[in-house]
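A quick write-up on the structure given underneath.
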Amino acid sequence: MKIAGEPSFRDSVDLMFNRATALMDLSPGLQQKIQVCNSTYTVRFGVRLRGKIETFTGYRSVHSEHMEPVKGGIRYALSVNQDEVEALAALMTYKCALVETPFGGSKGGLCIDPRAWEENELEQITRRFAYELIKRDLIHPAQNVPAPDMGTGAREMAWIADQYARMNTSDINGKACVTGKPPHAGGIQGRVEATGRGVQYAIHEFFRHEDDKALAKLSGGVEGKRVIVQGLGNVGYHAAKFLSEEDGAVITAVIEHDGAIINDKGVAIEELRQWITKTGSVKGFSGGEYVIDGAAVLEKDCDILIPAAMEGVINLTNAARISCKLLVEAANGPVTYGADEILRKKGVIIIPDMYANAGGVTVSYFEWVKNLSHIRFGRMQRRAEESRHILLVNELEKLSADKGLGWTMSPNFKDKYLKGAGELELVRSGLDDTMRSAYQAMREVWHGRNDVEDLRVAAYIVSISRVAAAYQSKGL
Ligand code: NAD
């Protein structure tokens with residue numbers, strides 16, 4: 001989305017990159033090498049649908065190959081264009097470096113309104129797009145591994161994996177050509193929720209640091225905090241659901257493409273999601289007040305604002321009126337370069353996209369490793385762990401009985417403690433650890449240097465240093 005009078009999304013990412021590199025000691029040559037997008041492939045292909053040939057335009061952009069495979073989602077939207085795909089590919093490079101997933105950055109997109117096509121038509125289109133990318137190694141387990149993004153999900157990833165298998169019948173690692181697949185088609189438990197779960201873990205980590213909360217003029221925990229979420233798709237739905245149902249946050253408004261639902265007592269996220277699935281709209285939902293001007297609801301007073309829909313929604317036209325304390329960028333690029341400056345001056349703390357929404361790529365990394373190792377996480381250890389715990393509990397209970405102490409463990413504790421970790425528990429633990437470590441790496445730069453004003457610049461500095469080190473070790 002290009003906003004009048006503002007840099008394009010790609011330029012906005014570059015300007016943010018420049019803010020960071022101005023504080024770093026990189027040679028101009030290396031700086032340029034990291035910043036440029038290595039290549040963008042544009043493909044136009046035809047599919048016979050409803051009795052006529054429809055031509056579609058798609059992109060796959062590779063931003064940086066300092067590590068391979070490169071990684072990044074495939075977006076389906078009418079607004080997809082080269083500038084956007086390149087901006088998103090660049091963000092993938094920095095994101096992967098920040099959360100230490102061993103990938104370069106890439107992104108893909110198809111100009112299409114997915115709502116305008118039937119499922120079988122979408123399958124034909126997706127398979128044809130995948131065919132075009134696979135035959136150029138732009139989808140490949142060792143070179144380029146897509147994942148879902150806006151407008152795509154597990155279903156599309158399963159079609160892509162199957163298309164790759166048809167074209168590479170003897171590739172034993174073929175399933176690792178794409179992540180975000182359904183569990184029954186080589187996926188991993190916890191991938192669908194991963195980006196929203198990562199947003200929740202990012203907020204938890206922020207709330208662990210009293211001085212960071214103080215900077216945002218927040219205190220206490222997540223419970224009772226007033227949260228506004230824009231976009232109730234994959235990312236926004238899971239983030240809103242976990243924050244409200246597990247942490248006790250109050251979702252005071254949900255903004256969707258056709259309006260918003262406001263309820264100061266809290267929007268019931270599961271019910272609203274079901275309503276949207278049934279009707280395609282937030283309109284008519286009885287659990288809150290419907291407002292047609294969704295954009296205006298972004299400006300409503302709240303503690304935490306979570307834009308989880310698309311880029312550029314907070315820009316020069318509305319930044320001055322945004323009145324949250326903490327802004328968590330669950331979407332990619334929701335705040336433009338100009339808006340970022342205004343919000344910083346206002347004292348709004350921004351948890352930047354490359355960190356806040358990195359849960360998706362983190363769990364994608366686990367899925368890729370699972371596919372390459374051909375075994376489910378926890379399969380070998382789970383029961384061994386369980387037996388050791390049973391041994392310990394039995395021994396403690398026996399000692400208590402022998403000494404006549406009468407101690408017993410509550411069934412609830414025993415249930416929780418005895419259970420060995422399965423795939424979902426391990427995925428969540430790996431994700432939580434990743435989100436904590438990455439926040440701490442950013443925070444060290446943010447508070448450790450007096451020339452670093454905000455978390456975004458800190459995130460860029462951490463990422464760019466790691467990418468620079470990877471290039472330097474290759475002799476560049
Ligand atoms: P999605 O297609 O599942 O959901 C997007 C939602 O936003 C939809 O419900 C849509 O109706 C709504 N929407 C669209 N335009 C809107 C507008 N103008 N105002 C309010 N709502 C609007 O997409 P997603 O996968 O949840 O992705 C959302 C954002 O998160 C994107 O920026 C994407 O790049 C980013 N992201 C996604 C993932 C992932 O794993 N899916 C990972 C990292 C980042």
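In each ligand, atom 1 is the first atom listed, and ligand 1 is the first ligand listed.
Ligand-side atoms of ligand 1 in range of Met310: 15 (N), 18 (N), range being under 4.0 angstrom from any heavy atom. Distances below 4.0 Å separate heavy atoms of Ala308 from the following atoms of ligand 1: 28 (C), 29 (C). Taking a cut-off of under 4.0 Å to the non-hydrogen atoms of Gln230, the atoms of ligand 1 that pass are 19 (N), 20 (C). Within the listing of ligand 1, atoms 9 (O) sit less than 4.0 angstrom from a heavy atom of Leu232. Heavy-atom contacts of Gly231 reach the following atoms of ligand 1: 7 (O), 21 (N) (cutoff under 4.0 Å). For ligand 1, the atoms closer than 4.0 angstrom to any heavy atom of Gly151 are 2 (O). Close approach of ligand 1 to Arg191 is summarised as follows: ligand atoms under 4.0 Å from at least one heavy atom of the residue are 40 (O).
Of all protein heavy atoms, the one lying nearest to atom 41 (N) of ligand 1 is Val235 CG2, 3.9 Å. Of the protein's non-hydrogen atoms, the one nearest atom 4 (O) of ligand 1 is Gly233 CA, 3.2 Å. Asp149 OD1, 3.2 Å is the protein heavy atom nearest to atom 33 (C) of ligand 1. Closest to atom 29 (C) of ligand 1 among all protein heavy atoms lies Ala309 O, 3.4 Å. Scanning all protein heavy atoms for the shortest distance to atom 17 (C) of ligand 1 gives His257 CA, 4.0 Å. Nearest protein neighbour of atom 10 (C) of ligand 1, counting heavy atoms only, is Glu256 OE1, 3.4 Å. Nearest protein heavy-atom neighbour of atom 43 (C) of ligand 1: Asn357 O, 3.5 Å.
Judged purely by distance below 3.5 Å, without hydrogens or angles, the side chains of Asp247 and Gln200 pair a donor atom with an acceptor atom.
At under 3.5 Å, not a single nitrogen or oxygen of Glu311, backbone or side chain, sits near a nitrogen or oxygen of ligand 1. Taking only nitrogen or oxygen atoms, main chain and side chain alike, Thr195 reaches within less than 3.5 Å of ligand 1. For ligand 1, the polar-atom distance check against Ala331 finds no nitrogen or oxygen pair separated by under 3.5 Å. In terms of polar-atom proximity, defined here as any N/O pair under 3.5 Å, Asn332 does make such a contact with ligand 1. The distance criterion of under 3.5 Å between nitrogen or oxygen atoms is met by Arg75 with respect to ligand 1.
Stacking of Arg128 on the aromatic ring of Phe56 is not recorded, the 6.0 Å distance cut-off and the 45° axial limit not both being met.
The two residues Ala260 and Val297 have their closest heavy-atom pair at CB-CG2, 3.7 Å.
Only the side chain of Arg115 comes within 4.0 Å of ligand 1, counting heavy atoms alone; its backbone N, CA, C and O stay farther away.
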